[in-house]
Amino acid sequence: MNISYNWLNEIVDSGLDPQQVADQLTRVGLAVEGVHPHGDDFVLDIDLTSNRPDCLSHRGIGRELSAVLDNAMIDREVSAVPSSDAGLVEIEDADLCNRFTARVIRNVKVGPSPQWLVDRLEAIGERSINNVADITNYVMHELGQPMHAFDLDKLSGGRIVVRRARSGEKIQTLDEVERVLDTDMLTICDAESPVAIGGVMGGLESSITDATVNVLLEVAYFDRGNIRATSRKLNLATEASYRFERGTDVLNLVRASERAADLIRELAGGEKAEFVDIFAVPFVPRSFLSNDIAGAVKRLTGLSVDRTECIRILNALGIGSSQNEDGSLTFTAPSWRHDIAIEEDLVEEIARHAGYEKIAEELPPAFGAGEYQPTERRERRLRARLADLGCVEALSYSFIDERHDGVFEIVPGIIGNSTTEPYVTLRDSVIEGALRMRPSILPGLLDSVRTNLNHKRRDLKLFEIGKVFSTGEGEEGLPNEQKLLTIVMTGSESLSDRAKPGNQVEFFDIKGGLEAALDAVGCYEAVYRTANVKHLRIGQAAAVSVGEVEIGHLGRLDDELAAGYKFKQPVYVAEINLTTVLKLPTANAAYKPLPRFPSVVRDVSFIVDRTFAFDSIRTAITEQANDLCRKVSFVDNFEGKDGDRSLTIRLEYRSDERTLVEEEVEAVHASLLKGVEQKLQIRPQM
Amino acid sequence: MSEIDRQVDEIREAFEQEFGRFADLSTDVSALAEAEARLRELSELKIRHTGKKSPISGAMKLIGKVAPEDRAAFGQMVQAVEKGIAAKIEEAETKLSAFISNAKIESERLDVTIPGRRIREGHLHPITILRQKIEDIFVSMGYAIEDDREIETDYYNFDALNIPEGHPARESQDTFYTTEGFALRSQTSTVQIRAMERRGVPLRILAPGRVFRRDTPDMTHTPMFHQIEGLCVDKGITMAHLKGTVSEWLRLLFGPETVTRFRPSYFPFTEPSAEFDFSCFKCGGTGIFDGERCRPCKGSGWIELGGSGMVHPNVLRACGVDPAVYSGFAFGFGLERMTALMYSIDDIRHMFENDVRFLEQFR
């Protein structure tokens, strides 16, 4: 908000230069963002917090400054004698309009404003319209009270009715827009129809024009919530609605009305005529008790401010105080402060005027050991491991486009069984189409792959750890939130600082990455099996599980889906339910004595087709449970031309009691291979 | 000269003649292979001219023909010749070997300035890097890291935080809602409530996490961002503890010279409330860096970071904590803003575009 330095000086004779005023105001929480020269004046740009509508005027700022300087405001005594209510104003809905005043000014000459008024308004960034309109605007900025001037002769019946709009009633507002009102909106009406939307904007029809002779000046107090609701529904925010919804001063109406009427008389001629003041809902000041205000200040801020100074600060801010018999104090919030209701509010008033800079810096007493989230250490290892493998950590928006619905297979455990509508959906979004709370991180990461390919970065490894969502039946029906790990790889391996790329990334690279990632979080028992996964290419897709628990899937992105993203190179993806994985028990390492005797290895090759699984051979051997066979490992996979391939495995034999002799190994080896042959009908190549 | 002396002399001369081509190696040995061939020839020559079967060794047998009184002199003479032959061969051998090993080293000389061979390392997101640093500081100060729901009921997002219906901060313009009527949390303060309910008091927690506001993305706004919330509730906690704690962690993060400033402000869930700024880490609070207006602080010397205050009694009561017995402070700030300031990032939308050219810059 803009405040004129000269104008402010008319309210409080500060004796300070503009920068000093700015510093003093900033210190007590009225943050002055800038001081700008304007002619012979200076403009202070003040950033107000939403709890201080009382400072939305020169008088309001002046009040704070006077409390800072302990220097009384220059105030004018105001009184207006109401004339007998000749039915000029009627309030039908007093619940939305606590108080309404109307002043009639007759024989006015509408015309341009004098230069001083034009200058004042211009200094604070307001445009001059005509003398009457300028005066209402001027008084609002001076005293904080919005008001509206009607052309009395355009009011049907020459009177005002304050009531809720009738269903379907319309009004063309000052901005020349026709607005349809509903029955929750408060209107100022003449004998027939609405002439203003109360506290928001006046009607065009009854507005002041150059031809206006008689003016009816409305100065009123409206229900804050109702003004806010109306302003939102109509998508119409004005200087008036801004002030009314935050709260104005119900006891300031007569002062504002008189100030405006006097200025109109002075600058536009005319005589003050009838004055009506209907105070429909009496103002009851908020009072509350404080046993020991100085103690409360000490307790919450550590500041030592003596009781006298506490009371001085509060009184200077208009907060009344009276001492009770038991020594406690009763404080009364002034009508302009809607934010003062409890002792803590007083503590803030005292602390900010005593000065936050006087509060000491202390550390709280020692408390005990801090702690990370139980899974944080493992998550840190996971992130570090993936980064070491060349993966770059991504963060994507939690909301994704609806067009991804049903395209990606959701990781097991995310979506409950009984829900018919699995997705969490937003009512609306600020990014077009992004209405779904993501059930998968893949759409976000694939968009990121696209972004990077567009920048000619073709060798990519990205990962993201983040929450995904599904509708839930949990506490109060809140959605399920679980953490996923998602990895995407494409292009070639790249070496640090070297331009020449390494090998093309393939299925076994993302699998290796995932294995390493799972190792990092202490999950060593993952099992991979061929699976059909909606978004993955058949034959290059695997489901991942640990024991009985399915944890996710990985593989090569489906061709059609990849084409949709215009990917011209294979993209490999893995997605894992990290919440599930982090809940799995982790075992400490178990020491085994080092071997005392040498081992003997035998390599064997099998000719198998592409659907055959290496794992089935390993299982066929290990389930024979021979004591001497210690390890079965993969050696090589040689792809032939006609769909067959040669799969080489290594068996390692060792005894803990003796060095094995050739014949012994041969016998066991032959027996194991016999078992494989019987189970799988495959024979080693000789 | 006697016949015998002449015979010895002939042996010596025969050697010298054969050895001649090894006498000066510098003229015709230039390549490694040549040197290796020479060394082989030399070792053959050595076999012929040294040892028991060599001519000079045979010459010693002639001693019987020498007059007894001359035998000692003759013996010495033959030994001298033998030693001379051995010395010459050895010298040549040494030279050749040195040449060969030198040549071998040269042939395997490497350009050590070529970059080392390693997988190109990945990078953590700058938000993660900063979050981990801040978590480490607070864990060292006795705080427990908390994490909680991102989709919340209005109760946790608003009511319990003393933001009643009709409060401007509750405008649906600012908050995302699901079709089921839940709010995407608009601040991590929700964790204050959940943590106090779960842990009771006293407590000290730090809650980092995603929050959501209905801002259209632009250079300084994104509809999703990260906040860190701190909360300390105990008997006798004052604003002095708030100031001390915030100042301490900012010093730990930005260095011991960092100064913190508190300004009165307003938040529904704290009373009294304060915003906090810290002296600019770049210009040290002078507002001028390298003779120009400092960028992170826009020349003010101060960087506005976050909000804080003493936990509002209504918030404590909502969590079943008696504000007459306990008091506490809370503070919060945005990680994107802080990251943007620290690295002079001019457009915070980069944080969620996952452009590796951006992400690779952080380590």
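Just so it is clear: chains get the letters A, B, ... in the order the sequence lines come, proteins before strands, and each one is counted from 1. Here the structure is a predicted model, which means the values were calculated and not measured.
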* To do: Give a yes/no verdict on a cation-pi contact between A:Arg246 and A:Tyr242, requiring under 6.0 Å between NZ or CZ and the six-membered ring centre and an angle within 45° of the axis.
  => yes
* Identify whether NZ of Lys or CZ of Arg in B:Arg213 sits under 6.0 Å from the centre of the six-membered ring of B:Phe225 and within 45° of that ring's axis. => no
Contact part of [X] toward chain A, heavy-atom cut-off under 4.5 Å: side chain, backbone, both or neither?
| X | result |
| --- | --- |
| B:Glu271 | both |
| B:Pro217 | side chain |
| B:Ser140 | neither |
| B:Glu165 | neither |
| B:Leu184 | side chain |
| B:Met141 | side chain |
| B:Ile205 | neither |
| B:Thr222 | both |
| B:Met310 | side chain |
| B:Tyr155 | neither |
| B:Phe182 | side chain |
| B:Arg261 | neither |
| B:Ala324 | backbone |

Going from [atom1] on [X] to [atom2] on [Y], what distance comes out if it is rounded to the nearest 0.5 angstrom?
| X | Y | atom1 | atom2 | result |
| --- | --- | --- | --- | --- |
| B:Phe267 | A:Thr49 | CZ | OG1 | 9.0 Å |
| B:Leu335 | B:Arg210 | CG | CZ | 12.0 Å |
| A:Phe367 | B:Leu203 | CZ | CG | 6.5 Å |

* For each of B:Ile151, B:Thr216, B:Ile127, B:Ile114, tally heavy-atom pairs with chain A at distances under 4.5 Å, and name the one with the top tally. => B:Ile151
* So, the side chain of A:Asn480 versus the backbone of A:Thr471: is there a donor-acceptor pair under 3.5 Å, distance only? -> yes
* Asked: Hey, do the aromatic rings of B:Phe331 and B:Phe138 have their centres closer than 6.0 Å?
  -> yes
* Asked: Pick one: which of A:Arg438, A:Arg383, A:Lys483 meets salt bridge (Lys or Arg N to Asp or Glu O under 4.0 Å) with A:Glu464?
  -> A:Arg438
* Structure fact -> From the list A:Arg224, A:Lys298, A:Arg228, A:Arg352, the residue making the most non-hydrogen contacts under 4.5 Å with chain B is A:Arg228
* Do B:Glu135 and A:Arg380 meet the salt-bridge criterion of a basic N to acidic O distance under 4.0 Å? -> yes
* For B:Thr128 and A:Glu393, test the side chains for any donor-to-acceptor distance below 3.5 angstrom and give the result as yes or no. => yes
